[in-house]
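Right, one structure below, let's go through it.
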2 protein chains.
Amino acid sequence: MPFANTEIPGRFQTLLAERGIRMTGQRRAILNVIETAKKHLDAGQILRRARKLDASIDRSTVYRTLGLLKRHGLIDELDLMHLEGEAHYYERKPDRGHIHLACLRCGKIIEFDSDLFESLKAQMEKECGYRIAVARLEVGGYCSKCRT
Amino acid sequence: MPFANTEIPGRFQTLLAERGIRMTGQRRAILNVIETAKKHLDAGQILRRARKLDASIDRSTVYRTLGLLKRHGLIDELDLMHLEGEAHYYERKPDRGHIHLACLRCGKIIEFDSDLFESLKAQMEKECGYRIAVARLEVGGYCSKCRT
DNA sequence: ATTCTGTTGCAACTCTGTTGCAACAACCCG
DNA sequence: CGGGTTGTTGCAACAGAGTTGCAACAGAAT
């Protein structure tokens with residue numbers, strides 16, 4: 001299950017409205033796609049799904065909306081080890097940064113959560129004097145099924 | 001210092017020869033560039049530097065050689081938080097996976113090494129049943145100077 | 001030297017993502 | 001509710017990274 005199921009439908013609309021951001025039909029469609037996605041989607045997939053809700057949506061609008069959501073910290077951009085092509089994948093920003101583990105053979109993605117990861121971030125902040133804004137840990141490997 | 005200085009010049013040539021991979025002038029030039037680099041380079045920068053050693057080298061040869069080195073696990077491919085553009089950066093594979101911390105304002109990259117990171121990888125292998133091949137932890141934040 | 005086979009340069013292409021601009025539509029205010 | 005301001009959209013053209021097919025070429029082994 002790629003996403004926490006503590007999600008309130010329409011949360012994005014509320015959060016954007018709170019910040020005085022104009023809500024349009026196209027944005028609603030794109031937000032809807034991202035909010036209801038059951039797997040990680042790239043920009044092209046988001047476009048295709050959004051077009052089912054509003055056929056006129058343009059590629060550039062998807063990119064601009066993804067940029068908006070990124071700037072407002074509502075979504076995270078992932079590479080998922082570039083399993084296919086160079087596209088980026090998007091997901092709702094989880095409360096707590098989690099790790100993506102991709103199987104390099106079958107492409108299965110599992111998400112992983114660990115206190116150790118949090119401690120590691122704390123250690124980096126302390127020892128390097130950086131204030132961490134994003135920490136992306138992406139792992140490629142072979143899942144148990146593919147390793148027989 | 002972006003790279004361990006325990007590096008033996010010509011190590012790549014040796015390792016590729018051991019695997020029966022043909023050594024050519026172009027590959028030697030590209031390997032040389034990567035082995036002597038003092039910072040992370042992207043494909044375009046590698047091309048420009050390699051051309052100083054052999055002016056006829058083509059872009060595609062650089063990409064094919066980088067692919068070869070990646071497949072043989074001699075180099076790692078990094079995003080460095082896509083600080084500028086979408087290009088990838090390359091570095092010699094370190095013995096021990098290290099972390100890249102990028103300052104989102106000044107672009108400074110520092111490398112970080114931690115036992116916690118090793119424990120985290122071990123924990124993931126155990127709990128997820130994956131055999132980890134690559135673990136890429138890239139962090140964006142603000143360094144002490146940029147945070148005044 | 002000859003041959004075999006992997007490698008290269010070239011040019012054309014694909015794909016992701018970006019931008020300038022004129023038309024348009026949210027939202028606010030009266 | 002209607003009109004104006006300002007942010008947003010579609011479009012089309014572009015930019016940049018990376019890939020591919022192919023003919024010519026060059027290692028390496030005989």
Side-chain angles (χ1 to χ4, degrees), chain A residues 12-34 40-51 53-72 75-90, chain B residues 12-14 16-34 40-51 53-72 75 77-90:
Chain A
F12 280 2
Q13 274 97 316
T14 313
L15 286 171
L16 289 175
E18 277 169 7
R19 299 177 204 210
I21 281 153
R22 196 169 288 188
M23 191 45 53
T24 67
Q26 293 89 329
R27 285 185 180 165
R28 248 187 299 274
I30 294 167
L31 297 181
N32 211 301
V33 168
I34 297 172
H40 300 96
L41 302 174
D42 64 26
Q45 295 167 323
I46 292 171
L47 173 61
R48 259 173 275 129
R49 294 188 182 199
R51 277 193 162 150
L53 304 172
D54 176 344
S56 75
I57 290 181
D58 190 72
R59 229 153 47 88
S60 60
T61 301
V62 171
Y63 282 113
R64 288 191 272 231
T65 303
L66 289 173
L68 180 79
L69 296 173
K70 251 194 291 178
R71 283 197 307 281
H72 283 84
I75 58 172
D76 275 335
E77 188 180 65
L78 312 168
D79 288 326
L80 299 183
M81 302 310 289
H82 292 300
L83 275 176
E84 36 199 295
E86 298 295 324
H88 294 131
Y89 296 85
Y90 299 90
Chain B
F12 280 2
Q13 274 97 317
T14 313
L16 289 174
E18 276 169 8
R19 298 176 204 211
I21 281 154
R22 194 171 289 186
M23 190 46 53
T24 67
Q26 293 89 331
R27 284 186 180 165
R28 247 188 299 274
I30 294 167
L31 297 180
N32 211 300
V33 167
I34 298 172
H40 300 95
L41 302 174
D42 63 26
Q45 295 167 324
I46 292 171
L47 172 61
R48 259 173 276 130
R49 294 188 182 199
R51 276 192 162 151
L53 304 173
D54 176 344
S56 76
I57 291 179
D58 189 73
R59 229 152 46 86
S60 60
T61 302
V62 171
Y63 282 113
R64 287 190 272 228
T65 304
L66 290 173
L68 181 79
L69 296 173
K70 249 193 296 178
R71 284 197 304 283
H72 284 83
I75 57 172
E77 187 180 67
L78 312 168
D79 287 328
L80 299 183
M81 301 311 289
H82 293 302
L83 275 178
E84 35 199 293
E86 298 294 327
H88 295 130
Y89 296 86
Y90 299 89

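Numbers restart at 1 for each chain; the letters A, B, ... are given by sequence-line order, proteins then strands.
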Item checked: Qualifying residues under side-chain contact (heavy atoms from CB on, under 4.5 Å), relative to A:Ser56, sequence neighbours excluded -> A:Asp54
Note to self: If the helix axis at each end comes from five base pairs, how far does the helix from C:dA1-D:dT30 to C:dG30-D:dC1 deviate from straight, to 10°?
What the structure shows: 30°
Next item on the list: Let me have a per-nucleotide readout for nucleotides 2-9 of chain D, 5' to 3', with B, S or -, counting only protein heavy atoms under 4.0 Å.
Entry: ----BBSB
Note to self: Using 0.5 Å steps for rounding, measure from the CG atom of B:Leu47 to the OG1 atom of B:Thr65.
What the structure shows: 11.0 Å
Notebook entry, point to check: Taking atom P of C:dC27 as reference, at what distance in whole Å does atom CZ of A:Arg19 sit?
Noted result: 17 Å
Check: Measuring from A:His82:NE2 to B:His88:NE2, what's the distance to the nearest 0.5 Å?
Finding: 3.0 Å
Next item on the list: Mind listing the closest non-hydrogen atom pair of B:Ser60 and B:Asp58 along with its distance?
Entry: OG-OD2, 2.7 Å
Please tabulate the protein-to-nucleotide N/O contacts below 3.5 Å involving nucleotides 15-17 of chain D, giving atom names and distances.
none

Check: Heavy-atom distance under 4.5 Å between the side chains of A:Lys70 and A:Glu77, does that happen here?
Finding: yes
Note to self: So, taking the atom named CD1 in A:Ile75 and the one named OH in A:Tyr89, what distance separates them when rounded to the nearest 0.5 Å?
What the structure shows: 15.0 Å
Checklist line | B:Arg51 CZ to C:dG9 P, straight-line distance once rounded to whole Å | finding: 9 Å
Next item on the list: Identify the residue among B:Leu66, B:Leu69, B:Leu78 that makes a side-chain contact (heavy atoms from CB on, under 4.5 Å) with B:Tyr90.
Entry: B:Leu66
Checklist line | Value in whole Å for how far the P atom of C:dC24 lies from CG of A:Asp54 | finding: 16 Å
Margin query: I'd like to check the side-chain contact (heavy atoms from CB on, under 4.5 Å) partners of A:Arg48; sequence neighbours left out, ordered by chain and number.
Written below: A:Gln45
Next item on the list: Using whole Å, report how far NZ of A:Lys70 lies from C1' of C:dT16.
Entry: 12 Å
Next item on the list: Give the rounded distance in Å between these two atoms: CD of A:Gln45 and P of C:dG17.
Entry: 11 Å
Distance-only donor-acceptor hits, side chain of residues 18-34 of chain A, under 3.5 Å, sequence neighbours excluded:
unit_1: A:Arg19; atom_1: NH1; unit_2: A:His72; atom_2: O; d: 3.4
unit_1: A:Thr24; atom_1: OG1; unit_2: A:Arg27; atom_2: N; d: 3.1
unit_1: A:Arg27; atom_1: NH1; unit_2: A:Arg22; atom_2: O; d: 2.8

Next item on the list: Drop me the distance from A:Arg51's CZ to A:Leu53's CG, to the nearest 0.5 angstrom.
Entry: 12.5 Å
Next item on the list: Rounded off to whole Å, could you give me the CG-to-C1' distance for the B:Asp79 and C:dG17 pair?
Entry: 15 Å
Next item on the list: Round to a whole Å and report the spacing from CD of A:Glu84 to C1' of D:dG18.
Entry: 16 Å
Item checked: Spatial distance of atom CG (B:Asp79) from atom CD (A:Glu86) [nearest 0.5 Å] -> 8.5 Å
